[in-house]
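What follows is a single structure, written as structure tokens, with notes after it.
Every chain is numbered from 1 and lettered A, B, ... according to where its sequence line falls, protein lines coming before strand lines.
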Protein chains: 2
Amino acid sequence: MDINLLKTFLAVAGTGSFSAAAQEIHCVQSNVTARIRRLEQHLGKAVFERGRGGARLTDFGSRLHAHAEDLVARFEAAERDLLDAAGTSAPLKLGAMETTAAVRLPALLKSLKRKHPGAPLSLRTGPTAELLSLIWERKLDTAFVAAPVDEDRFRHKLAFHEDLMVVRSSESQSDQSLLAFRSGCSYRARGENWLASEGHSDTEIVEMGTLEGILGCVEAGMGFAVAPESAARKFHGISGLTLTPLPAPYGDVEVHLVWRIDHKPAQVHVTLCELLQTR
Amino acid sequence: MDINLLKTFLAVAGTGSFSAAAQEIHCVQSNVTARIRRLEQHLGKAVFERGRGGARLTDFGSRLHAHAEDLVARFEAAERDLLDAAGTSAPLKLGAMETTAAVRLPALLKSLKRKHPGAPLSLRTGPTAELLSLIWERKLDTAFVAAPVDEDRFRHKLAFHEDLMVVRSSESQSDQSLLAFRSGCSYRARGENWLASEGHSDTEIVEMGTLEGILGCVEAGMGFAVAPESAARKFHGISGLTLTPLPAPYGDVEVHLVWRIDHKPAQVHVTLCELLQTR
DNA sequence: GTTTATTATCACTATTAGTGATATATGGAT
DNA sequence: ATCCATATATCACTAATAGTGATAATAAAC
């Protein structure tokens with residue numbers, strides 16, 4: 001049995017809800033349902049009463065709760081001790097695309113710090129092409145970039161799926177500038193390819209350095225932008241932005257964690273890879 | 001992480017060898033290798049020094065060993081407490097083919113008893129057809145029988161693969177009697193089908209009740225028999241028996257654990273299913 | 001240098017876990 | 001009552017992982 005089941009169980013018990021637990025542990029709700037069911041199947045008795053307001057522990061569930069808290073705590077203590085003893089070594093030089101850094105990394109790095117409290121870590125953002133160069137020059141250990149990557153030179157592991165969206169001001173007219181990151185950004189390349197395929201080869205491109213800047217300008221009616229849905233939503237808020245999916249095949253992007261094929265991953269790096277498994 | 005990894009680790013540490021550990025925990029050796037590697041990958045450091053005489057704990061491995069013993073013990077204690085609290089309930093009425101009972105069940109039931117020390121359990125042996133009838137009449141909860149089973153009436157879970165062998169006396173001549181269990185035995189049916197396909201429709205069939213009896217008579221030169229390799233080997237020992245595989249498609253048998261489609265499995269039953277996963 | 005006992009690797013398959021869309025259920029407003 | 005908001009369950013699909021059995025590699029002992 002996997003201790004992940006117990007961690008999921010504790011998350012549900014703690015939040016009092018399957019869906020809240022799913023958010024807390026960064027996975028989809030159906031996943032929590034499945035894990036709790038596995039746990040219940042294994043033990044042969046229900047641990048939660050489900051109802052309107054979420055989930056409440058049954059008597060049997062409380063009994064499990066006592067054991068689970070103890071077991072998980074001891075397990076994590078042991079894990080920390082061992083990871084510590086294994087030697088954390090050098091700082092991990094990490095890179096990521098602007099949007100990934102903004103939306104995906106916070107939760108990820110938080111989990112990483114929980115497992116390697118002492119591990120030093122640096123982060124540099126930039127477009128895919130630049131990050132790959134930095135990795136190749138060994139100035140970064142690893143980075144989150146958009147697929148595909150050259151399999152002969154790099155190893156990689158799938159990290160996230162992003163759906164690219166066209167972001168416009170709600171009152172905007174069409175045929176304005178494309179607001180984008182500087183050249184080398186793969187999202188920008190997607191946008192340009194899409195425009196070309198539509199015959200808009202003359203669209204002006206305005207380069208900007210930050211996502212906030214781009215979205216601000218879009219809101220101000222200067223033009224439109226291409227960004228992952230997750231990132232656009234994060235800054236959506238009250239503002240009058242309209243999101244429409246970038247049509248296939250331009251809209252789907254896989255973000256991978258990438259490193260040099262001859263680079264020996266440090267322990268923090270391996271742990272980071274492990275954390276990517278459930279997202 | 002799965003506690004199975006820790007159990008595997010303890011088995012290796014205890015026996016001092018990957019292959020011995022594999023036997024102890026009933027799995028193939030490459031499996032142990034893979035699990036230990038997973039563990040080492042997770043922790044980032046080798047836990048065993050491998051060499052001629054097997055495996056010895058590294059310093060780091062000893063550190064893990066201390067934690068692992070504690071964690072596994074606590075985990076199993078908690079599990080026992082919870083399984084106990086869930087209520088063991090009625091005795092499990094189990095059936096199995098003669099050969100399965102002889103060769104496969106001992107290890108399996110031992111593991112089962114470890115998890116449900118108090119669970120009462122009865123075992124009845126018989127050929128596939130008879131066992132299925134007993135299940136249908138609700139005189140058995142579940143049984144190990146040869147595939148295929150009627151999916152509309154039964155649920156099932158794959159338990160073992162068996163390779164059927166023709167067992168002859170080493171000095172025997174061909175065209176003797178087929179020594180077999182009483183009618184309803186699916187292995188016997190396989191043997192008969194094979195004989196028929198070879199044109200030996202006139203072979204005399206001698207019915208016997210036990211595997212030892214059959215193999216004894218084969219050794220005495222009375223005829224030949226059809227039996228799973230695992231069972232034949234168990235009684236092989238010093239005796240002068242020759243095993244040749246029953247040709248395809250007669251030779252491959254899947255043994256499944258089967259129960260009535262409308263039967264609600266008790267907890268012992270569920271645990272038994274879980275134990276089947278790794279064999 | 002061959003033998004023997006051991007672990008590692010590999011290609012393949014079976015099984016399991018995860019995903020996202022959608023269905024279902026339940027209490028509370030209106 | 002009906003609709004709405006908020007839950008969990010289910011499902012078809014895909015990705016990832018673990019298990020298997022054969023074979024290779026390795027190293028000590030003879």
Side-chain angles (χ1 to χ4, degrees), chain A residues 1-5 7-9 11-12 15-23 25-42 46-56 147 156-163 229-230 245 252 254 256 273-279, chain B residues 1-5 7-9 11-12 15-23 25-42 46-56 147 156-163 229-230 245 252 254 256 273-279:
Chain A
M1 210 205 59
D2 200 304
I3 358 188
N4 239 324
L5 296 192
K7 290 186 187 171
T8 304
F9 167 81
V12 175
T15 59
S17 140
F18 281 37
S19 9
Q23 284 201 285
I25 61 187
H26 308 298
C27 67
V28 299
Q29 165 263 320
S30 64
N31 219 320
V32 174
T33 299
R35 291 199 200 146
I36 297 298
R37 183 171 41 213
R38 248 178 279 157
L39 193 59
E40 292 180 330
Q41 177 130 300
H42 178 82
V47 297
F48 290 115
E49 253 178 68
R50 294 78 158 154
R52 64 234 154 272
R56 271 185 300 281
H156 59 99
K157 168 150 185 132
L158 176 62
F160 319 103
H161 287 273
E162 300 284 8
D163 294 315
E229 187 181 12
S230 57
D252 271 10
E254 287 189 337
H256 288 250
C273 281
E274 286 170 8
L275 288 173
L276 293 179
Q277 309 207 130
T278 302
R279 228 83 282 284
Chain B
M1 209 203 59
D2 201 306
I3 357 193
N4 238 325
L5 296 192
K7 290 186 186 169
T8 305
F9 167 81
V12 175
T15 59
S17 140
F18 281 38
S19 11
Q23 284 202 285
I25 61 187
H26 309 299
C27 69
V28 299
Q29 165 264 319
S30 63
N31 220 318
V32 174
T33 299
R35 301 222 267 245
I36 297 298
R37 184 171 39 210
R38 247 178 280 157
L39 193 60
E40 292 180 330
Q41 178 131 299
H42 178 81
V47 296
F48 290 115
E49 254 177 68
R50 299 70 163 156
R52 62 243 153 261
R56 272 185 299 282
H156 59 100
K157 168 149 185 133
L158 176 62
F160 319 102
H161 287 272
E162 300 284 9
D163 294 315
E229 187 181 12
S230 57
D252 270 10
E254 286 188 338
H256 290 250
C273 280
E274 285 170 9
L275 288 173
L276 293 177
Q277 311 206 132
T278 301
R279 288 281 78 227

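Atom CD1 of B:Ile3 is separated from atom CE of B:Met1 by 7.5 Å, given to the nearest 0.5 angstrom. The structure places CG of A:Asn31 at 13.5 Å from NE2 of A:His26, a figure rounded to the nearest 0.5 Å.
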Working for side chain to side chain contact (heavy atoms under 4.5 Å, CB included), residues A:Ile25 and A:Lys7: CA-CA 9 Å; A:Ile25 61 187; A:Lys7 290 186 187 171; over 6 Å; no

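Computed from coordinates, the A:Asp252 CG to C:dG20 P distance equals 11 Å when rounded to whole Å. C:dT19 atom P lies 5 Å from atom CG of A:Asn31, rounded to whole Å. Atom NE2 of A:His26 and atom C1' of C:dA17 are 19 Å apart (whole Å). When rounded to the nearest whole Å, the span between CD of B:Glu274 and P of C:dT15 equals 15 Å. We find that CG of B:Asp2 is positioned 8 Å from P of D:dA18, with the value rounded to whole Å. The interatomic distance linking A:His42 (NE2) with C:dT16 (C1') rounds to 16 Å, in whole Å. Atoms CG (B:Leu275) and C1' (D:dG19) sit 16 Å apart, rounded to a whole Å. Spacing between atom CG of A:Asn4 and atom P of C:dT16 amounts to 17 Å, rounded to whole angstrom units.
At least one side-chain heavy atom of A:Arg50 sits less than 4.5 Å from a side-chain heavy atom of A:Ile36.
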Reading 5' to 3' through nucleotides 5-14 of chain C, protein heavy-atom contacts under 4.0 Å coded B for base, S for sugar-phosphate only, - for none: -SBBB-----

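Side-chain N/O atoms of B:Arg38 include one lying less than 4.0 angstrom from OP1 or OP2 on D:dG19.
Taking both residues in full, the closest heavy atoms of A:Gln41 and B:Glu274 are given as O-OE2, 4.3 Å, listed atom of the first, atom of the second, then distance.
A:Thr33 and A:Gln29 form a side-chain donor-acceptor contact under 3.5 Å, judged by distance and modelled atom types alone.
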